[in-house]
Amino acid sequence: MPPVLTESPVPMTLTDEIKTLNDAHVINTYGARSIALSRGDGMRLWDAEGKEYLDFFAGIAVCNLGHGHPAVTKAICDQAQKLVHVSNLYYIEAQTLLAALLCKHSFADKWFFCNGGAEANEAAIKLARRYWDKQGTPKPGIVTAQQSFHGRTIATITATGQPKYHDGFQPLVPGFSYVPFDDIAALEAAITPDVGAVMLEPIQGEGGVRIPGADYWKQVRQLCDDRNVLLILDEVQTGLGRTGPLFAHQGDGIIPDIMTLAKGLGNGVPIGAMGCTDAVATGFDIGSHACTFGGNPLSSAAAVATMNVLTAPDFLDEAVANGAYLFEQLAEIAKHCDSLVEVRGKGLMVGIEFDKPVAPLVHSLIEAGVICGPAGPNVLRFLPPLIVEKEHIDRVVSLLKTCLGDLKW
Ligand SMILES: *Cc1c(COP(=O)(O)O)cnc(C)c1O
């Protein structure tokens with residue numbers, strides 16, 4: 001492709017053009033990247049040079065229905081022609097439909113809409129604090145887990161139990177404390193009288209695809225009931241079918257008081273949501289919270305279409321079956337790869353831990369045509385769209401074997 005963006009005297013690829021212009025004008029918070037993706041269709045992506053890739057990352061668990069899903073594309077186009085945005089000073093039909101659909105398929109009775117995961121968690125934090133304040137028993141403390149990830153605003157980096165996200169941003173928000181994940185005794189000890197909520201991910205995503213033991217969730221729920229604190233589940237990454245059920249906690253046999261969603265909800269159109277029980281929703285009054293774009297016609301229409309596909313009969317069953325097939329294939333690889341420590345995950349949320357940093361492996365997989373990413377330094381993460389089929393899995397597994405061989409792992 002001819003250069004189109006800069007006036008460089010030397011011929012450059014479009015990718016290099018983008019890179020040069022990006023590095024000159026975009027704040028460098030993401031580091032150097034090797035490719036620019038410009039087109040997608042289902043499981044496939046193409047870069048600016050026309051090279052094809054199999055997508056095993058879904059934009060970090062966002063495009064759960066793959067790229068350009070016809071039902072979502074149609075909903076976006078139809079809504080864009082009708083009405084893109086109005087404020088929440090008026091009723092919004094698509095937002096109302098979305099809330100009703102989310103209620104039908106979850107424990108939640110009421111929803112609040114925003115733009116993404118961090119904002120959904122901000123809403124949850126504010127709701128928990130205001131709920132206890134209104135009850136006349138203020139307890140602003142919130143316990144979260146070490147190695148957790150809850151977003152990048154000041155409150156949500158505070159909630160995030162990883163010091164690297166706090167560095168240089170102090171003072172953080174008061175009232176947060178941290179416990180080891182999957183340690184019920186530590187959680188019990190951390191729930192002091194000023195604690196009003198516990199906030200956890202069903203499976204820690206950014207923290208390395210970490211799954212707690214079988215009894216953990218029932219014990220957490222029981223503990224929260226016994227000590228009268230709210231349980232907030234951050235399902236921003238695990239929700240919308242990623243781990244098998246529509247929401248991960250449905251597979252753990254518990255019900256939270258508050259749940260947050262974002263990533264997969266609009267299949268790529270930015271939207272976040274916080275759902276809760278009727279009782280907890282009383283913590284917010286008119287004027288307590290708001291969001292200009294929250295649940296606007298365009299993002300809500302995309303989310304309604306996404307929910308309709310995800311909840312269609314057999315859709316998630318098929319994803320679960322293909323997830324099981326992927327785990328079988330990875331278990332085979334584990335037998336023959338000395339550097340591989342553990343394969344873990346649920347549904348189509350997969351972490352593969354190695355005994356060394358995975359950056360070279362991620363690089364070599366992308367070179368080979370597989371889009372994937374890390375989850376912490378030593379964990380390779382696969383988050384394929386839920387429409388993945390056996391042939392895609394076979395191809396990725398074969399390319400993974402080749403890359404591991406090339407790296408002599
Ligand atoms: C991605 C993520 C967030 C943050 O979502 P943003 O949309 O980037 O603000 C919060 N919690 C979890 C579990 C996530 O995976």
*What's the spacing between Asp194 CG and Trp132 CH2 if we round to 0.5 Å?*
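Between atom CG of Asp194 and atom CH2 of Trp132 there are 13.0 Å.
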
_Sole candidate of Leu240, Thr306, Val62, Val236 that passes side-chain contact (heavy atoms from CB on, under 4.5 Å) when paired with Leu265_ =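 Testing each of Leu240, Thr306, Val62, Val236 against Leu265, the sole residue satisfying side-chain contact (heavy atoms from CB on, under 4.5 Å) is Leu240.
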
*For residues Asp226 and Gln222, is any side-chain donor paired with an opposing acceptor at under 3.5 Å?*
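Short answer, yes.
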
*May I ask you to check whether Asn88 and Gln95 show a side-chain donor-acceptor distance below 3.5 Å?*
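Note: Asn88 and Gln95 side chains meet the donor-acceptor criterion.
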
*In terms of side-chain geometry, is the basic nitrogen of Arg221 or Asp257 positioned less than 4.0 Å from the acidic oxygen of its partner?*
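Yes.
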
*Take Leu54 and Ile371 through the side chain to side chain contact (heavy atoms under 4.5 Å, CB included) test and state the conclusion after the steps.*
CA-CA 6 Å; Leu54 253 179; Ile371 302 295; over 6 Å; no

*Sidechain-backbone polar pair: Gln79 side chain, Leu83 backbone, donor-acceptor under 3.5 Å*: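 Yes.
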
*Report yes if the side chains of Phe169 and Asp167 come closer than 4.5 Å at any heavy-atom pair, otherwise no.*
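Heavy-atom side-chain distance check fails, nothing below 4.5 Å.
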
_Looking only at side-chain N and O atoms, does Thr238 offer a donor or acceptor that is under 3.5 Å from a partner on Glu235?_
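There is such a pair (donor and acceptor under 3.5 Å, judged by atom type) between the side chains of Glu235 and Thr238.
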
*Looking at NE2 of His69 and SG of Cys63, how far apart are the two atoms once the value is rounded to the nearest 0.5 Å?*
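Those atoms lie 12.0 Å apart.
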
*How long is the span from the CG atom in Asp16 to the CD atom in Glu49, to the nearest 0.5 Å?*
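Rounded to the nearest 0.5 Å, the CG-CD separation comes to 7.5 Å.
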
_Under-4.0 Å salt bridge between Lys110 and Asp278_ =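 Salt bridge: yes.
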
*asked:* Does the plane of the ring in Tyr216 sit parallel, tilted or perpendicular to the ring in Phe181? Use 30° and 60° as the thresholds.
replied: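 If you compare the ring of Tyr216 with that of Phe181, the planes turn out perpendicular.
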
*Approximate separation, where rounding is to 0.5 Å, of Tyr30 OH and Ile27 CD1*: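 Answer rounded to 0.5 Å: 10.5 Å.
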
*Is the His392 to Phe56 ring centre distance short of 6.0 Å?*
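Ring-ring flag for His392/Phe56: false, centres at least 6.0 Å apart.
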
_Residues which pass side chain to side chain contact (heavy atoms under 4.5 Å, CB included) with Asn22, listed by chain and number, not counting sequence neighbours_ =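 Here the qualifying residues are Val26, Arg33.
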
_I'd like to know if the side chain of His363 reaches the main chain of Val358, judged simply by a donor and an acceptor atom lying under 3.5 Å from each other, with no hydrogens or angles considered._
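Flag not set: sc His363 to bb Val358 has no pair under 3.5 Å.
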
*Crowded around Phe327 CZ? As in, over 12 foreign heavy atoms under 6.0 Å?*
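Yes.
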
*Heavy-atom neighbours of Glu52 CD exceed 12 at 6.0 Å*: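 It does: Glu52 CD has more than 12 such atoms within range.
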
*What class does the angle between the rings of His249 and Phe107 fall in, given that below 30° is parallel, 30 to 60° is tilted and above 60° is perpendicular?*
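Geometry flag for Phe107 against His249: perpendicular rings.
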
*Taking atom types as modelled, is there a side-chain donor on Asp215 or Gln219 under 3.5 Å from an acceptor on the other?*
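No donor-acceptor contact under 3.5 Å links the two side chains.
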
_salt_bridge(Asp78, Lys74) N-O dist < 4.0 Å_ =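 Yes.
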
_Closer than 3.5 angstrom, by distance alone: can the side chain of Ser106 be matched with the main-chain N or O of Ala108 as a donor-acceptor pair?_
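Checking the backbone N and O of Ala108 against the side chain of Ser106, a donor-acceptor pair under 3.5 Å is found.
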
_The single option from Asp234, Thr153, Thr156 passing side chain to side chain donor-acceptor pair (under 3.5 Å) against Asn121_ =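 With Asn121 as partner, Asp234, Thr153, Thr156 yield a single side chain to side chain donor-acceptor pair (under 3.5 Å), made by Asp234.
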
_Student check: side-chain heavy atoms of Cys291 and Asn115 closer than 4.5 Å_ =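 Cys291 reaches Asn115 side chain to side chain.
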
*Side-chain donor-acceptor contact under 3.5 Å, Glu201 with Ser148*: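 The answer is no; no qualifying pair exists.
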
*Is Ile35 atom CD1 crowded by more than 12 heavy atoms from other residues, nucleotides or ligands, each under 6.0 Å away?*
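For Ile35, atom CD1 is crowded (more than 12 foreign heavy atoms under 6.0 Å).
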
_Thr158 (side chain) donor-acceptor with Val173 (main chain) under 3.5 angstrom_ =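 Here the side-chain-to-backbone pair exists.
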
*Could you state the interatomic distance from OG1 (Thr144) to OH (Tyr178), rounded to the nearest 0.5 Å?*
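Rounded to the nearest 0.5 Å, the OG1-OH separation comes out at 5.5 Å.
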
_Taking salt bridge (charged side-chain N to carboxylate O under 4.0 Å, His left out) as the definition, give me every residue that meets it alongside Glu332, ordered by chain and number, with sequence neighbours left out._
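Checked Glu332 against salt bridge (charged side-chain N to carboxylate O under 4.0 Å, His left out); matches are Lys335.
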
_Side-chain heavy-atom pair Pro385, Asn64 within 4.5 angstrom cut-off_ =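 In short, these two side chains do not touch, never coming nearer than 4.5 Å.
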
*Taking the six-membered ring for Trp and the full ring for Phe, Tyr or His, determine whether the centres of Tyr165 and Phe149 are under 6.0 Å apart.*
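Close enough - the centres of the two rings lie under 6.0 Å apart.
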
*Flag if over 12 foreign heavy atoms under 6.0 Å of NZ, Lys218*: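 No - once you tally the heavy atoms of other residues, nucleotides and ligands closer than 6.0 Å, there are 12 at most.
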
*Take Lys126 and Asp133 through the salt bridge (charged side-chain N to carboxylate O under 4.0 Å, His left out) test and state the conclusion after the steps.*
CA-CA 10 Å; Lys126 283 180 72 176; Asp133 192 77; over 6 Å; no

*Basic-acidic side-chain contact under 4.0 Å: Asp338, Lys408*: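 Salt bridge: no.
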
_NZ/Lys356: more than 12 non-hydrogen atoms of other groups inside 6.0 Å_ =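 It does: Lys356 NZ has more than 12 such atoms within range.
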
*asked:* Let's go through Leu246 and Phe315 carefully: what are the C-alpha distance in whole Å and the side-chain angles of both, what is the deciding distance for side chain to side chain contact (heavy atoms under 4.5 Å, CB included) to 0.1 Å, and is it a yes or a no?
replied: CA-CA 10 Å; Leu246 189 59; Phe315 181 86; over 6 Å; no

*Could you tell me which residues satisfy side chain to side chain contact (heavy atoms under 4.5 Å, CB included) with Pro360, sequence neighbours excluded, listed by chain and number?*
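Expected list: Leu407, Trp409.
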
*Supply the atom-to-atom distance Leu361 CG to Leu400 CG, rounded to the nearest 0.5 angstrom.*
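Atom-to-atom, Leu361:CG and Leu400:CG are 6.0 Å apart.
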
_Donor-acceptor pair between Asn296 and His85 side chains, under 3.5 angstrom_ =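 Side chains of Asn296 and His85: pair found under 3.5 Å.
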
*Donor-acceptor side-chain pairing of Thr277 and Asp109 below 3.5 angstrom*: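 No.
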
*Charged N to carboxylate O under 4.0 angstrom, Arg344 versus Glu342?*
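Between Glu342 and Arg344 there is a salt bridge, with a charged N closer than 4.0 Å to a carboxylate O.
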
*When you check the side-chain N and O atoms of Gln237 and Glu206, is any donor under 3.5 Å from an acceptor?*
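There is such a pair (donor and acceptor under 3.5 Å, judged by atom type) between the side chains of Gln237 and Glu206.
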
